[in-house]
K.L.:
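Pasting in a structure now, in C-alpha cells, and then I'll have a few things to ask.
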Amino acid sequence: MLKSGIYTQLAPVLFGSGTAGQTGEKVKALGCQKVMLVSDAGVQEAGAVDIVKKSLEMAGVEAVVWAEAETDCPEGTVKAAAAIGRAEGIDGVVGVGGGSVLDTAKAIAAVTPNDDQVLDDVLLYLTGQKNYANPPIPIIEVPTTAGTGSESTFVAVVSSDKLDCKIGLPVPPSYGIVDSELTKTVPPYITAFTGMDAFSHANEALTEQKNTPHSDLLAFEAIRLIKENLPVAVQDGNNSQARDCMAFASNIAGISFNEAGVHIGHSAAHALGHLYHLPHGVCCANMTPAVIWFAAKSYPEKMKRLGNLMGAEIASDDPDEIGRQAAKAVREFAASVGVKAFKELGLTKEQVLKVKGMVYGDALCMSFGGEVTEQDVEEILAYAYDC
Ligand code: NAD
C-alpha cells in the first residue's frame, strides 16, 4: 500500500523563460492597483527589478519600489517597509529576489494590513494559536535564485528580535512567477549554495513525517535535476538549459517540502546561520550529508535511491553503510560545486556542537519521520563537521 497523505500546491506558478514580463498582467488579474515592489540592492543592480517594474507599468499597476530588503529578513526591515506600505495605501506586494527578498515580501504583506505586533507574536501565528485580524494582502513572488522555493511555501522565514532566532511566519503566496532568465546573473558561489539549499529541501522532504508518494516524486526529480544541472549552472551561468532545470528543481523541491516539511538539517541550519552569520544554503549543504547518514537508519531504501542518483552505486543493504556512502557522494558533490565545509569556513567542532540545545526539541527537528534523541542530534552535528 502506498502511504496516504495530503497533496498540496498553495498557489499557481507561471513557469518559463521570459515569464517575468507577464508579472503586470498577473498582478492586475489579482485585483491589485498599487503594489510595493520589494527587492534588495544586489537584485536591483542585476536588472530584475527593472524588468518587473516595466511589466507592472505596462499593465497600469502603480509600483512603489522598496529595494532595501536584507539577508535573512531582519524583522526591523519588515516593520520599516510595512510603514511605507500603509502610508502609500498599497493593495499588494511583489517580491523580486532570492529567498531573503521573497520572505520579506511575504512578511510585509502580513504586517501592512495589521500592525508590527504580528512579528512579536510570530510563534502564536506559526502554532495556529492566533489568526491575522486582517488577511495578508496579495503576494506575487518572482524568485531570482534557484534555491529556496519560497514562491511555493507557506512561511516567511523571519529573523525575530524577540526570540533571537529565525522563525517561520505563515503567509502563503498568491502567485509565483518562475523565470530562469532572472537567475543568469547569480554569481557562481551563490548559484552553488542556493542549489544545495534546494537539494536539502528535497532530501529532508523524503524523510519528514508527512512525506507522501507525491512529495517523494517531486523530491527525487529535483535531486536528479540538481545532480545533472547544478555543476553546469555554476560553471556557465548563461547556460539556459541548466538555469531552467535548476529553476524548476528549486520550485518542485519547494512544493515537495511545503507538503512534507523539512526537519533536522533545517533546524540546525537556522541555528547555525543565525549564530555565525553564514548563508542559509551553506549551512544546509553542510548538514545534508549528516541528515542522509542518520535518515538511512529509518529509510534505507530511499537513501539508497538518493545515493545512487548521486552516482554512489551502493550495493550494500546495511543502513549504516548506505547512509555513509550516500552522504559521501553528496558531500563530494557539494565540494565539487565549490561549497566549503564547516571546518574550511573556520568553524570549530565545538561551535557546531553548541547548537545542540537549540536543535533538540525544536519542532522542526522533531518532525523527522522517526525517533530522534538528544544523543542523535549530537552525533548528527559531529558527523556534519567531520565528514
Ligand atoms: P538571498 O536572498 O539572501 O540572496 C543572496 C545574495 O544573492 C544577495 O546578495 C542577493 O542580492 C543576490 N542575488 C539574488 N538574486 C540575484 C541575481 N539574480 N543576480 C545577482 N545577485 C542576486 O539568498 P537565498 O539563498 O535565495 O535566500 C536565503 C533566505 O531564504 C534565508 O533567509 C532562508 O532562511 C530563506 N528561505 C526561505 C524559505 C521559505 O520557504 N520561505 C526556504 C528556504 C530558505
Side-chain angles (χ1 to χ4, degrees), residues 10-11 20 38-52 67-75 77-78 95-107 110 126 139 141-160 165-173 176 178-202 204-205 233 237-238 243 246-247 250-251 253-259 261-262 265-274 277-285 339 364:
L10 289 178
V38 176
S39 194
D40 67 22
V43 175
Q44 191 170 36
E45 200 179 307
V49 172
D50 285 345
I51 293 170
V52 173
E68 294 170 43
E70 291 175 18
T71 304
D72 294 341
C73 189
E75 65 166 56
T77 58
V78 177
V96 182
S100 298
V101 166
L102 302 186
D103 287 0
T104 305
K106 286 178 177 174
L126 183 63
I139 311 144
E141 298 282 49
V142 187
T144 63
T145 58
T148 72
S150 177
E151 70 281 359
S152 287
T153 73
F154 81 103
V155 285
V157 182
V158 177
S159 296
S160 164
C165 66
K166 288 171 84 172
I167 187 159
L169 180 71
V171 203
V178 180
D179 176 354
S180 62
E181 278 297 308
L182 302 184
T183 66
K184 285 185 171 174
T185 49
V186 182
Y189 185 54
I190 299 178
T191 300
F193 72 66
T194 50
M196 289 309 296
D197 184 21
F199 190 101
S200 74
H201 296 152
E204 289 179 41
N238 275 315
R243 289 294 197 184
M246 282 305 301
S250 168
N251 181 251
I255 296 171
S256 176
F257 96 81
N258 186 65
E259 184 171 301
V262 285
H266 270 70
S267 180
H270 286 168
L272 290 161
H274 187 72
H277 305 289
L278 291 168
H280 176 71
V282 170
C283 295
C284 287
V339 180
L364 262 189

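Atoms within each ligand, like the ligands themselves, are counted from 1 in listed order. Please read these numbers as outputs of a predicted model, since none were measured by experiment.
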K.L.:
Does the side chain of His201 come within less than 4.5 Å of Ser256's, by heavy atoms?
P.N.:
no

K.L.:
How many angstroms lie between CG in Leu10 and CD in Glu151, if you round to the nearest 0.5 Å?
P.N.:
10.5 Å

K.L.:
Ignoring hydrogens and angles, tell me if any N or O in the side chain of Thr77 forms a donor-acceptor pair with the backbone of Ala69 under 3.5 Å.
P.N.:
no

K.L.:
Just which atoms of ligand 1 are under 4.0 Å from any heavy atom in Gly42?
P.N.:
11 (O)

K.L.:
Ligand 1 versus Lys166, non-hydrogen atoms closer than 4.0 Å: side chain, backbone, both, neither?
P.N.:
side chain

K.L.:
Between Leu182 and ligand 1, does any nitrogen or oxygen pair lie at a separation below 3.5 Å?
P.N.:
yes

K.L.:
Working to the nearest 0.5 angstrom, can you tell me the gap between Ser200 OG and His266 NE2?
P.N.:
4.0 Å

K.L.:
Thr185 to ligand 1: N or O pair under 3.5 Å?
P.N.:
yes

K.L.:
Just to check, does Phe154 reach to within less than 4.0 Å of ligand 1 when the distance is taken from its heavy atoms?
P.N.:
no

K.L.:
Heavy atoms only: which of Ala48, Gly99, Ala69 lies closest to atom 30 (O) of ligand 1?
P.N.:
Gly99

K.L.:
Tell me whether Val155 has any N or O atom under 3.5 angstrom from an N or O of ligand 1.
P.N.:
yes

K.L.:
Which of the atoms of ligand 1 are close to Asp197, meaning less than 4.0 Å from one of its heavy atoms?
P.N.:
43 (C), 44 (C)

K.L.:
Working to the nearest 0.5 angstrom, can you tell me the gap between Thr144 OG1 and Ile190 CD1?
P.N.:
9.5 Å

K.L.:
Which protein non-hydrogen atom lies closest to atom 13 (N) of ligand 1, naming both residue and atom, and how far is it?
P.N.:
Val43 CG2, 3.9 Å

K.L.:
With atoms numbered from 1 as shown, which atoms in ligand 1 lie under 4.0 angstrom from a non-hydrogen atom of Gly98?
P.N.:
2 (O), 26 (O)

K.L.:
Which one of Ala46, Ser39, Ser100, Gly195 has a non-hydrogen atom at the shortest distance from atom 1 (P) of ligand 1?
P.N.:
Ser100

K.L.:
So which heavy atom in the protein is nearest atom 42 (C) of ligand 1, and how far is it from that ligand atom?
P.N.:
Thr148 O, 3.5 Å

K.L.:
Measure from the side-chain N and O atoms of Asp72 to the backbone N and O of Ser159, and report whether any donor-acceptor pair falls under 3.5 Å.
P.N.:
no

K.L.:
Could you tell me whether ligand 1 has any atom less than 4.0 Å away from a heavy atom of His201?
P.N.:
yes

K.L.:
For ligand 1, which atoms sit closer than 4.0 Å to a heavy atom of Phe257?
P.N.:
40 (O), 42 (C)

K.L.:
For atom 21 (N) of ligand 1, grab the closest protein heavy atom and report residue, atom and distance to one decimal in Å.
P.N.:
Pro187 CD, 4.1 Å

K.L.:
Check this for me - ligand 1, Asp103, N or O atoms closer than 3.5 angstrom, yes or no?
P.N.:
yes

K.L.:
First locate atom SG of Cys284, then atom CG of Leu278, and finally report the distance between them rounded to the nearest 0.5 Å.
P.N.:
11.0 Å

K.L.:
When rounded to the nearest 0.5 angstrom, what is the spacing between CG in Asn251 and CD in Glu141?
P.N.:
12.0 Å

K.L.:
Atoms of ligand 1 less than 4.0 Å from Thr145 heavy atoms?
P.N.:
14 (C), 15 (N), 26 (O)

K.L.:
Say you draw a straight line from CG of Asp197 to OG of Ser150; how long is it, rounded to the nearest 0.5 Å?
P.N.:
10.5 Å

K.L.:
Is the backbone N or O of Phe154 less than 3.5 Å from a side-chain atom of Asn258, with the two atoms forming a donor-acceptor pair by type?
P.N.:
yes

K.L.:
Would you call Arg243 and Glu181 a side-chain contact if the rule is heavy atoms closer than 4.5 Å?
P.N.:
no

K.L.:
For Asp72, counting its heavy atoms only, list the atoms of ligand 1 lying under 4.0 Å from any of them.
P.N.:
31 (C), 32 (O)

K.L.:
Identify the protein heavy atom lying closest to atom 33 (C) of ligand 1, giving its residue, its atom name and the separation to 0.1 Å.
P.N.:
His280 CG, 3.6 Å

K.L.:
Ile190 heavy atoms, cut-off 4.0 Å: which ligand 1 atoms fall inside?
P.N.:
6 (C), 7 (O)

K.L.:
Have a look at ligand 1 and work out which part of Asn258, if any, has a heavy atom under 4.0 Å from it: side chain, backbone, both or neither.
P.N.:
neither

K.L.:
Short question: side chain of Lys106, backbone of Thr153 - any donor-acceptor pair under 3.5 Å?
P.N.:
yes

K.L.:
Considering all heavy atoms of both residues, which atom of Pro143 and which atom of Val178 are nearest to each other, and what is their separation?
P.N.:
CG-CG2, 4.1 Å

K.L.:
For ligand 1, is any non-hydrogen atom under 4.0 Å from Thr194's backbone (N, CA, C, O), its side chain (CB onward), both, or neither?
P.N.:
side chain

K.L.:
Which atoms of ligand 1 are found less than 4.0 Å from any heavy atom of Thr153?
P.N.:
39 (C), 40 (O), 41 (N)

K.L.:
Could you check which of Thr144, Asp40, Val101, Val282 puts a non-hydrogen atom nearest to atom 8 (C) of ligand 1?
P.N.:
Asp40

K.L.:
Is the closest protein non-hydrogen atom to atom 4 (O) of ligand 1 under 4.0 Å?
P.N.:
no

K.L.:
May I ask you to test the Thr183-Met246 pair for a side-chain heavy-atom distance under 4.5 Å?
P.N.:
no

K.L.:
Are any of the side-chain heavy atoms of Val262 and Leu364 separated by less than 4.5 Å?
P.N.:
yes

